[in-house]
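So the structure is just underneath, and the comments pick up after that.
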Amino acid sequence: MVKVHSRCDLACDHCYVYRHADQSWRGRPVTMSPETFRLAAGRIAEHAAAHRLDRVHVVFHGGEPLLAGRERLRGFARELRRALGGVCDLDLRMQTNGLRLDDAFCAMLAEEGIVTGISLDGDRASNDRHRIRADGSGSHESAVRAIRRLGAPRYRSAFGGILCTVDVANDPVAVYRALAELGPPGIDFLLPHATWDRPPPRPRGGTDYADWLIAVHRRWTADGKPVRIRLFESITRLANGGTSLTEALGTGSSDLLVVETDGAVEQADWLKAVAHGAPETGFHVTRDSFDDAGGHPGVRAQRRGLDGLSAQCRACPVVAVCGGGLYGHRFRTPQEGNVRGDYDNPSVYCADLLELIRHVQAADSDAAVHGLPPAHFDELAAGHGGAEAINELDRAQRGLRRVLLAAAHRAAPRSAETAWEAILRLPPVALEAALDDPHLRVWALDVCETRKSDPGRPAEIALAAVARTGGTLGLGVPLRDGTLHLPGLGRLVVDADGGQRQEVTVSVEAGELRFEGRRLGALPVGMHWQPLRHIEADGLEVALEDTDPYRDRYRVAAAERLDDDGFRTWQRAFRAAWRIIRAEHPRYADGIAAGLRAVTPLAAPPDEVVAETSRHAFGAFGMALPPSAEELALLLVHEFQHVKLGALQDMYDLLAPGGGRHTVAWRSDARPLDAVLQGAYAHLAVADVWRTRALRTGLEAGTDDAAARADHWRIAVLDAIGTLTGAGTPTGVGERLLAGMRAAAEALAPPPS
């Protein structure tokens with residue numbers, strides 16, 4: 001941590017630099033000089049070289065680092081990179097209150113790769129309780145403006161997240177929502193700095209801080225964990241044998257040193273809350289190496305792991321996760337002896353940490369198998385499912401894609417390691433964009449099952465994700481039969497007469513795509529860009545996927561790229577079909593609108609109605625365009641039923657193994673029971689659609705083709721449910737699904753004459 005400026009333009013009353021025991025800031029230079037920074041950068045490079053580090057992490061801090069000035073910070077970043085050139089990589093970050101972040105500052109941060117966190121304590125009332133200016137006015141409006149500016153696509157690559165100090169006087173859910181609504185890549189909740197001498201306020205006298213954080217965790221979990229929260233993720237990682245993302249948890253060795261504006265090398269600066277001079281080491285960048293500073297007794301004491309903890313901590317069942325909490329939070333002035341105090345105590349937040357860790361571990365255990373709220377499961381069991389239920393399925397599928405992406409990385413040949421590294425370094429917002437691709441699972445399973453890798457796919461995934469979220473990246477991409485495909489964006493085609501080109505250099509600069517350095521509007525001769533097109537109707541946009549090489553997973557081959565007339569034909573048909581679904585089948589419309597991502601045109605013979613769903617591409621299916629809008633509406637409803645049930649089968653064991661093969665009304669060949677279930681669920685909606693059409697005509701069953709079809713499929717579904725029940729294979733949750741399907745089918749009986 002490098003203190004580039006030692007004053008601040010806020011007067012926060014919980015600040016450990018200015019409002020706690022250590023007041024050494026008063027005697028330090030206001031701003032670090034270029035010469036002092038050069039010496040600090042040299043010491044960092046010296047240490048990295050001596051220990052053969054792959055990467056060092058440097059944080060520009062204060063006070064308020066923005067007060068050092070834009071160009072001074074730019075110069076510091078470049079000096080640091082110059083010093084580390086050829087030695088190791090640099091992860092450069094900064095923590096700021098954001099008050100001075102204008103567009104020019106944001107542009108500099110993005111250009112220099114300074115990933116920046118902004119401090120904000122929640123909604124206006126919560127934030128302005130503590131984060132105030134010298135005149136007592138609040139900082140909320142300015143901080144939110146800075147977050148929105150830095151979070152804009154052109155600067156997003158420099159946005160590191162939001163830091164929030166917990167105050168139990170604030171509403172935890174209101175604070176969480178205010179932060180999450182700003183769309184940060186992550187949130188870091190910090191317990192206020194306190195010691196046994198100066199304990200934190202506890203208005204209710206119990207585990208106030210655990211209660212506050214547990215309320216946030218419950219809301220965050222119910223929301224589907226839309227943003228990373230470092231404290232909660234660290235608990236989960238440590239409980240599973242991983243490493244912590246925060247120094248406030250875990251038994252890993254402390255690896256933090258601080259360089260003050262005068263060049264003094266100190267321990268972690270939160271020790272300023274303990275006592276005046278508590279962080280001091282006596283070392284300085286002009287004469288001492290970081291190895292020297294690392295040998296200071298205070299630093300060594302923090303690196304003893306379990307041996308450095310109190311007897312009470314070592315006996316605790318969650319010690320491997322808690323790690324005794326933050327070192328400074330253990331301090332208690334001894335009755336006699338060492339003037340620097342005694343850290344051989346549990347954390348002043350001991351009871352809170354125990355309760356919080358137990359809660360998160362229990363919640364993780366409950367979520368080990370992703371489940372649906374009962375109301376949403378029952379909606380789906382009846383054959384429907386609104387937007388919220390489909391969003392639950394989608395969240396589970398995204399989690400599955402994430403796991404398969406990691407599995408594909410483990411299984412892939414090392415030849416594409418550079419591209420995989422780009423995926424691993426994607427910021428959370430870009431990774432989420434990559435997980436949007438409904439065909440990612442298809443590709444990942446190919447890699448896992450065959451141990452072969454489409455060599456260009458990892459690069460395509462990384463580049464597309466960065467392009468869609470406004471970042472910067474450049475990679476060489478091997479061609480695949482003269483093409484490369486960027487998921488969610490489109491396909492580059494290289495003409496056969498374009499020579500022996502095997503690879504194309506693709507770059508993304510502030511979200512703009514370039515091929516061989518050329519923009520899309522000025523591609524080199526022999527290159528043609530085919531954008532992914534979307535068919536839209538009444539606010540619904542669905543990709544008409546005719547470019548993705550992994551779309552071709554159906555028994556009928558995928559059609560080649562549609563010409564403009566073909567696309568317009570699909571557009572007209574889709575609009576007409578969607579009007580029918582919206583008007584006549586609203587119980588299906590909301591779910592389809594929430595979950596349908598892509599439709600792949602299939603190359604079926606003329607006038608043959610073909611539609612298929614791939615189990616591994618949630619939100620997508622393939623079909624040949626039928627002759628009428630009503631037939632297309634029926635196909636869309638029918639195929640999306642397969643999408644929903646496939647996702648349910650990924651979440652639950654609905655049928656026990658075995659059960660033989662059985663005949664059904666919709667196939668001439670005998671089918672295994674899982675296929676019987678799939679068909680019954682899809683045809684439940686088919687019966688519903690025909691019944692609606694029959695009622696629309698006002699005719700009784702048996703006197704109209706629609707009514708006859710409705711009854712035919714209703715009876716076929718009930719027969720299939722009887723087959724599934726009679727085979728004795730439904731699990732408990734499968735029985736609940738079949739009960740919902742049976743009730744829905746019986747409700748489709750023709751009205752009495």
Side-chain angles (χ1 to χ4, degrees), residues 387 390-391 393-398 400-401 404-405 432-446 457 460-461 464-465 467-468 483 485-491 530-562 566-575 577-578 581 588-604 610-626 632-633 635-647 650 682:
I390 302 306
N391 287 337
L393 297 180
D394 183 59
R395 277 191 282 270
Q397 288 293 310
R398 292 173 75 85
L400 184 55
R401 289 184 202 132
L404 285 170
L405 185 63
E432 289 303 312
L435 296 175
D436 280 342
D437 177 17
H439 297 102
L440 184 145
R441 178 177 170 183
V442 176
W443 161 76
L445 283 171
D446 272 4
R457 198 55 171 179
E460 293 173 338
I461 291 170
R468 292 173 62 195
T483 69
H485 174 260
L486 300 181
L489 296 175
R491 176 172 68 182
Q530 297 176 337
L532 177 65
R533 296 169 294 188
H534 291 76
I535 47 180
E536 60 83 26
D538 191 24
L540 173 62
E541 275 197 7
V542 176
L544 192 63
E545 186 54 84
D546 55 4
T547 62
D548 192 331
Y550 291 94
R551 75 191 189 281
D552 199 359
R553 289 299 187 271
Y554 306 105
R555 287 170 296 179
V556 176
E560 294 299 323
R561 172 79 170 179
L562 299 179
F567 173 75
R568 284 191 288 269
T569 299
W570 266 93
Q571 175 66 87
R572 288 191 297 270
F574 182 72
R575 284 179 178 170
W578 188 243
I581 294 172
Y588 299 96
D590 288 347
I592 294 173
L596 181 58
R597 300 285 186 269
V599 176
T600 293
L602 300 181
V610 173
E612 297 185 46
T613 302
S614 169
R615 171 70 179 276
H616 302 310
F618 176 83
F621 45 74
M623 63 173 57
L625 195 60
L632 178 56
L635 284 180
L636 290 170
V637 171
H638 175 275
E639 292 306 314
F640 199 72
Q641 294 296 99
H642 288 303
V643 169
K644 291 187 291 189
L645 187 61
D650 284 333

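- Using a distance-only test at 3.5 Å, with no hydrogens or angles considered, no donor-acceptor pair links the side chain of Arg597 to the main chain of Val542.
- Ala633 is linked by a side chain to side chain contact (heavy atoms under 4.5 Å, CB included) to Ala577, Ile580, Ile581, Arg693, counting only residues two or more places apart in sequence or in another chain.
- Partners of Arg561 under the side chain to side chain contact (heavy atoms under 4.5 Å, CB included) rule, at least two apart in sequence or in another chain, are Arg491, Gln530, Pro531, Arg533, Asp546, Thr547.
- Here side chain to side chain donor-acceptor pair (under 3.5 Å) pairs that include residues 434-445, with residues two or more places apart or in two chains, are Gln397-Arg441, Arg398-Asp436, Asp436-Arg468, Arg441-His616, Arg441-Asp650.
- Applying the salt bridge (Lys or Arg N to Asp or Glu O under 4.0 Å) rule to pairs touching residues 636-646 yields nothing, sequence neighbours excluded.
- Under the salt bridge (charged side-chain N to carboxylate O under 4.0 Å, His left out) criterion, Glu545 pairs with no residue at all, not counting sequence neighbours.
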Please lay out, stage by stage, how Val610 and Glu612 fare under the test side-chain contact (heavy atoms from CB on, under 4.5 Å). CA-CA 7 Å; Val610 173; Glu612 297 185 46; 4.2 Å; yes

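- Take Arg553 and apply the side chain to side chain contact (heavy atoms under 4.5 Å, CB included) test, not counting sequence neighbours, and it matches Val442, Asp446, Tyr550, Ser614.
- The heavy-atom pair separating Ala464 from Pro487 by the smallest distance is CB-O, 3.4 Å.
- Note that CG of Leu486 and CD1 of Ile461 are 10.5 Å apart. Values are rounded to the nearest 0.5 Å.
- Under the 4.5 Å side-chain criterion, counting only non-hydrogen atoms from C-beta, Leu625 is not in contact with Pro601.
- Nearest heavy atom pair, residue Thr613 against residue Ala620, reads CG2-O, 4.1 Å.
- For His638, the side-chain hydrogen bond (donor to acceptor under 3.5 Å, both in side chains) test picks out no residue, with sequence neighbours left out.
- The heavy-atom pair separating Ile390 from Gly591 by the smallest distance is CG1-CA, 3.5 Å.
- With sequence neighbours excluded, no residue forms a salt bridge (charged side-chain N to carboxylate O under 4.0 Å, His left out) with Glu541.
- We find the CZ-CZ distance between Arg568 and Arg572 to be 7.5 Å, quoted to the nearest 0.5 Å.
- Between the side chains of His642 and Arg615, not a single donor N or O lies within less than 3.5 Å of an accepting N or O.
- Arg551 meets the side-chain hydrogen bond (donor to acceptor under 3.5 Å, both in side chains) test with no other residue; sequence neighbours excluded.
- In this structure, the side chains of Thr600 and Phe621 stay at 4.5 Å or more apart for every pair of heavy atoms.
- Atom CZ in Phe567 sits 7.0 Å away from atom CD1 in Ile535 (nearest 0.5 Å).
- Side-chain contact between Leu635 and Pro626 is present, with at least one heavy-atom pair separated by less than 4.5 Å.
- Under the ring pair (Phe, Tyr, Trp, His ring centres under 6.0 Å) criterion, Phe618 pairs with no residue at all, not counting sequence neighbours.
- In this structure, CH2 on Trp578 lies 5.0 Å from CD1 on Ile592, to the nearest 0.5 angstrom.
- We find the CG-CG distance between Leu435 and Leu405 to be 6.5 Å, quoted to the nearest 0.5 Å.
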Worked check of side-chain contact (heavy atoms from CB on, under 4.5 Å) between Phe574 and Leu540: CA-CA 10 Å; Phe574 182 72; Leu540 173 62; 3.8 Å; yes

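- Rounded to the nearest 0.5 Å, atoms CG (Asp552) and CG (Leu602) are 8.5 Å apart.
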